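What you are looking at is a predicted structure, and each value in this text was computed from that prediction instead of being measured. Residue numbers begin at 1 in each chain, while the letters A, B, ... track the order of the sequences.
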Amino acid sequence: MAIEETSTSSYRAPGAGHALRLAPMSFDPLNILTERVRHAIAGAFPSNAGADPMVTVSRNLKLGDFQCNAAMALAKAVSLPPREVATALVAKLNADETFLRLASPLAPGAIAGPGFINITLRPDALPAMLDALGMSNLGMPAPASGPIVVVDLCGVNLAKQMHVGHLRSTVIGDTLARILDRTGCRVIRQNHVGDWGLPIAMVTARLMDMDAAGKIDLQTLTLDGLDKAYKAAQRECDADEKGLAAATKWHMGPKVIAELEAHVDGASTKYEDAKRVLRQLQAREPSVMRVWQRISDVTMTQCLAIAARLNSIVTSEHSAGESSYAEELAPLVDQLIALGITEVSEGALVIRVDDAGISEPLIIRKSDGAFLYATTDMAAIRRRVQTFGASRVVYCVDARQGLHFKQVFAGAERAGFTKLPTGERATLEHAAFGTILGEDGRPFKTRTGESVKLSDLISNAEASAMDVLNAESPDIAPADRPAIARAVSIAALRYADLSTERIKDYVFSAQRMMSFKGNTGPYLLYAYVRMCSIFRKAGERNLLDPAGPQRGTAGFTLNIIEPAEKTLALAILRYPSAVNESARTLEPSRLCAYTYELATAFSQFFDACPVITADDEATRRSRLRLCELTRQVLHDALETLGIQTLERM
RNA sequence: GCGGGCGUAGCUCAAUUGGAUAGAGCACCUGACUACGGAUCAGGAGGUUAGGGGUUCGACUCCCUUCGCCCGUACCA
């Protein structure tokens, strides 16, 4: 299966093996039908045996369950009218026993329009497939059976509050990691913390000053306090740089110069302080490292707690800050020079990446001798591929850094850093995401124009969920409500962030997201809760096998009769391909769309087909079994999206 | 200037990557045996897919072009 280019920039060695290849599976009708059509093409048109079978889920479900579009493409190659090609394929399929066990025989009317072949499954073929899915880890491979994949996510900075900008990296990154994990990959999460360099030295210097002056207590320092100190330090040094630049131009009046000099004198001290602290930091001087470590601890404790609130798995063991690469940078640059791929340009050391179609070179050492973020990113690629053995490295980072990653990926390629110990080449992908906008269509800010703190965003969401819960669920004990409100609000928040295409900007509307109607996270939870409710009732009435697995339904015989049952069954069977597609394209939105379809199919089934009060025992048992399979898949899908399920809400 | 992205119903988003009559949700209108949980379901209305040209059996999708908005464009991260 070819791996199509997506909107991500990526480097992939030709012929590199890939783990996301779909094998034909006995529970996936799409795979089986694809194989049967492939077989039919080979039989009818041997010279075009390799043609794409082009079987998809039917666009219009009134016409059939699946459709085959191969005849039109094939027609040209064999120079026959498309409908004749379709007729030949239908004849082969109608003689194929495997096909006929799964699908109804194709009548002449099955060929429609220019040559579409509409395929309808036999309802009696579905139970065996559903049972197979239920018995085989829902169609997904065993954990940790696949390749090693690194997911770069979260990306916080020391001494800074997490704001909306970190939401997407933390939520999408975590979900991509979960999706890849579900496809069997051995996932290594990497939180590339901005914990090094001049900006960090600035705030460290300021805190050391304040500490010495007795103005702060490092032990009781909060992230809020750090955030303020960071901004203040930034302002002081920024003023310095601009002031110095201005002062060197002697075109101003004497009064202006005098003012500037007074300001620049003060600022200049700060700036020099910061540079001195940076050198001490790089030398790991204990007096400076003590303060730095404190900054790191305060920041990371807070940020990891926020990630946990978002239900994202990012812990200290996933943190790999820029500081962890600091000692590797000088030798790395020496290595690059030795490789002969660098050159000096305008005083800086650069790697040309014109061969990748980029005219701006990758700067790996500034003219003042300092390294910069590109240098660190090169070191990170080397570690991730050559030390960790990752065959795929996924960067869940803002789309605005697109050029940077193109340059770094091309540079890493030239340096040979993408070469695995096995000799294979790793794939580097920028899973870029768009900006969160306010309802005015501008980047999401508070009324005063500041960035919105992530902790406030979450708290507001929780409060809204609590309001709804208080209004709509009086039967839930007040003591249970806060936990439920938390889960519901995070479901709303995550689903809103995940359900649109990654690359696009999206409008953040708390009101819409928290209305909990329609295509939202809470709708999915609600569907799940209704399933749980059925099983509570069934249990009370002794309708289940209390000792049996799968909520006491494992021994019940499926019987797919009603249209709503069939739609639901087909939705269940699509789960593995939905996860695999989502992993291949690095698009959580695909899995969201699938999950919404599953929940919708269940809601329709719920409305049309009584379960507990079904007419007879066989029907009731079959529907209980169908509910249980739906529940399992929905649970798995929600968990893969990082959405915690609830029994009640 | 150059490079990249985006433009689909009043609003927010889809369209299985070139397939049939472009689909959902919100909002609006009409219904659903007092409900296996109504945070639901069924139905209605709503479109020149920014404009124009091209490629072919077939285009929201690919190519060219115009317009609009956003982002990036060497020593910040």
Can you name the one residue among Arg623(A), Arg625(A), Arg621(A) that meets side chain to side chain donor-acceptor pair (under 3.5 Å) with Thr553(A)?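 Single side chain to side chain donor-acceptor pair (under 3.5 Å) partner of Thr553(A) among Arg623(A), Arg625(A), Arg621(A): Arg625(A).
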
Take the protein atom [atom1] of [X] and the nucleotide atom [atom2] of [N], then report the distance between them rounded to whole Å.
X: Ile503(A); N: C6(B); atom1: CD1; atom2: P; answer: 7 Å
X: Phe66(A); N: A20(B); atom1: CZ; atom2: C1'; answer: 18 Å
X: Asp28(A); N: U16(B); atom1: CG; atom2: P; answer: 18 Å
X: Ile436(A); N: C70(B); atom1: CD1; atom2: P; answer: 19 Å
X: Met378(A); N: A77(B); atom1: CE; atom2: P; answer: 16 Å
X: Arg365(A); N: C76(B); atom1: CZ; atom2: P; answer: 15 Å

Do Arg551(A) and Cys532(A) have side chains that approach each other closer than 4.5 Å (heavy atoms only, starting at C-beta)?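 Yes - at least one pair of side-chain heavy atoms lies under 4.5 Å apart.
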
Considering Watson-Crick and G-U wobble pairs with both distances under 3.5 Å, what does [N] pair with?
N: C67(B); result: G7(B)
N: C28(B); result: G44(B)
N: G72(B); result: C2(B)
N: U61(B); result: none
N: U21(B); result: none
N: A39(B); result: none

What is the nucleic acid contact for Asp368(A), judged by heavy atoms within less than 4.0 Å: base, sugar-phosphate only, or nothing?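 If one applies the 4.0 Å heavy-atom cut-off, Asp368(A) turns out to touch nothing in the nucleic acid.
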
For G3(B) and Lys406(A) - does any side-chain N or O of the residue sit under 4.0 Å from the phosphate oxygens OP1/OP2?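 Checking G3(B) against Lys406(A), no side-chain N or O comes under 4.0 Å of OP1 or OP2.
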
Checking only heavy atoms, does the side chain of [X] share a donor-acceptor pair with the base of [N] at less than 3.5 Å?
X: Arg59(A); N: U16(B); result: yes
X: Asn118(A); N: A20(B); result: yes
X: Arg400(A); N: U73(B); result: no

How far, in whole Å, is [M] from [N] if one measures between their [atom1] atoms?
N: A50(B); M: G5(B); atom1: C1'; result: 16 Å
N: G38(B); M: C33(B); atom1: P; result: 12 Å
N: A45(B); M: A22(B); atom1: P; result: 14 Å
N: C41(B); M: G25(B); atom1: P; result: 8 Å
N: G4(B); M: C60(B); atom1: P; result: 24 Å

Would you say Asp152(A)'s side chain and Cys396(A)'s backbone share a donor-acceptor pair under 3.5 angstrom?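 Looks like no, no N/O pair under 3.5 Å.
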
For the residue pair [Y] / [X], report whether a side-chain donor-acceptor contact shorter than 3.5 Å exists.
X: Asn519(A); Y: Tyr495(A); result: yes
X: Ser345(A); Y: Glu343(A); result: no
X: Asn157(A); Y: Tyr230(A); result: no
X: Asp616(A); Y: Thr619(A); result: yes

Can you identify which nucleotide, out of A77(B), C13(B), C57(B), has its nearest atom closest to the Glu322(A) side chain?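 Taking heavy atoms from C-beta onward, the closest nucleotide is A77(B).
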
Closest listed nucleotide, where the reference is the side chain of Met72(A) and the choices are A74(B), U73(B), G19(B):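 Out of A74(B), U73(B), G19(B), the nucleotide with an atom closest to Met72(A)'s side chain is G19(B).
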
Sugar-phosphate means primed atoms, P, OP1 and OP2; the rest is base. With that split, encode nucleotides 30-41 of chain B 5' to 3' as B, S or - using protein heavy atoms under 4.0 Å. ------BBSBSS

Relative to each other, are the rings of Tyr373(A) and His404(A) parallel, tilted or perpendicular (30° and 60° limits)?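 Rings of Tyr373(A) and His404(A): parallel, under 30°.
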
